[in-house]
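Counting starts at 1 for both ligands and their atoms, following the listed order.
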Amino acid sequence: MDTTVSTPAPERKKIIFSGIQPTGVMTLGNYLGAVRNWGPLQEDYHCAYSIVNMHAITVRQDPKALRENTLRAYALLLACGIDPKKSIVFIQSHVRTHAELAWVLNCYTQFGELSRMTQFKDKSAKHADNINAGLFTYPSLMAADILLYQTDLVPVGVDQKQHIELARNIAERFNGLYGKTFKVPEPYIPKVSAKIMSLTDPTKKMSKSDENPNSFVAILDDESTIIKKFKRAVTDSEAVVAYREGKDGINNLMAIYSSVTGKSFQEIESEFDGRGYGDFKTAVGTVVADHLKPVREEFARLMNDKAYLEDCYRNGARQALELSQRTLDKVYKKVGFVL
Ligand code: AQP
């Protein structure tokens, strides 16, 4: 008789990957839609987070500003609660496997698929004088970023959903041809604040590279700037704080307020019943500024310790290379490269 007690095999911790471009200072949109969720995920998942500077050059960047923004973005991630002892936190260009896998995946991605990407259409309209091949193939580099780590979940804002669907298609296509090589990832999108809109045009996504600084709240804006930007936010003439179709500006402010305070839309409507937009806008500005204060303070502290930051990103790159090389070797073998 077999007397051994079988204990269930410990469940494999799932893997998370996500990234942010150093194309400016992180906005409230990047933060509420994506980065704020990255810290808490570290407790239950193996996480890898990257400053994706190779994606950033698909739009012309000033080299000095890009270098500075990369370091600042790295420090900001740590200030937002990402702990380099718990997660792999690295700068994309430090880990050569990303470009290497991207090249292979380019050969398994169809021209038609890339042509359908909304971000490509938007960015090529916005940068009509520089519609480069990198802008077009951005999604295959993003697929490489994700697939290299055998990622289960990708926490992003809703604007990136289409790119993740493409990454899934590429992974499935490659697996179909060569046998299981990549884990097929799932997007992980927050219910509220998945798409924070511009404060000056609430039909447009809030973007860190927007030319109008009043359109976005940067995580590093000081309290009075944040409140001023919310006070100027475009709303409507109805003066009723309610979440409804046609009230894009108010809907956006309600999503922000809800996301920061945890209050439901119904609670917010009752709280501001009979009060004007002025009161509501000040309240949104105040809770956002209070919420971001510790991030700003931690950021300032970290930027004074460049040696620590360098230690973290060098170590992050080493860990990322070690992990991603395993996937790249598998891919090279499958496509017939001599190893
Ligand atoms: N407005 C937004 N609302 C919610 N989530 C957002 N994200 C971006 N904007 C919003 C999410 O932030 C993460 C990092 O984004 P990114 O820097 O990689 O690229 P992006 O989506 O192109 O962001 P920006 O701010 O609009 O950059 P630029 O101006 O350079 O194009 C992603 O998870 C994204 O979904």
(request) Check each protein residue for a heavy atom under 4.0 Å from ligand 1 and list those that pass, ordered by chain and number. (result) Gly19, Ile20, Gln21, Thr23, Gly29, Asn30, Gly33, Ala34, Lys123, Val156, Gly157, Asp159, Gln160, Ser193, Ala194, Lys195, Ile196, Lys205, Met206, Ser207, Lys208, Ser209

(request) Answer yes when Asp44 and Lys13 have at least one side-chain N-carboxylate O distance shorter than 4.0 Å, and no when they do not. (result) no

(message) Between Gln150 (side chain only) and Lys183 (backbone N and O only), is there a donor and an acceptor less than 3.5 Å apart?
(response) yes

(message) Just to verify, what does Lys14 make a salt bridge (charged side-chain N to carboxylate O under 4.0 Å, His left out) with, not counting sequence neighbours?
(response) none

(message) Among Thr70, Leu141, Ile20, Asp145, exactly one meets side-chain contact (heavy atoms from CB on, under 4.5 Å) together with Val52. Which residue is that?
(response) Asp145

(message) Assess whether a salt bridge exists between Arg60 and Asp129, defined as any Lys/Arg side-chain N lying under 4.0 Å from an Asp/Glu carboxylate O.
(response) no

(message) Between the side chains of Glu271 and Lys263, is the shortest nitrogen-to-carboxylate-oxygen separation below 4.0 Å, so that they form an ion pair?
(response) yes

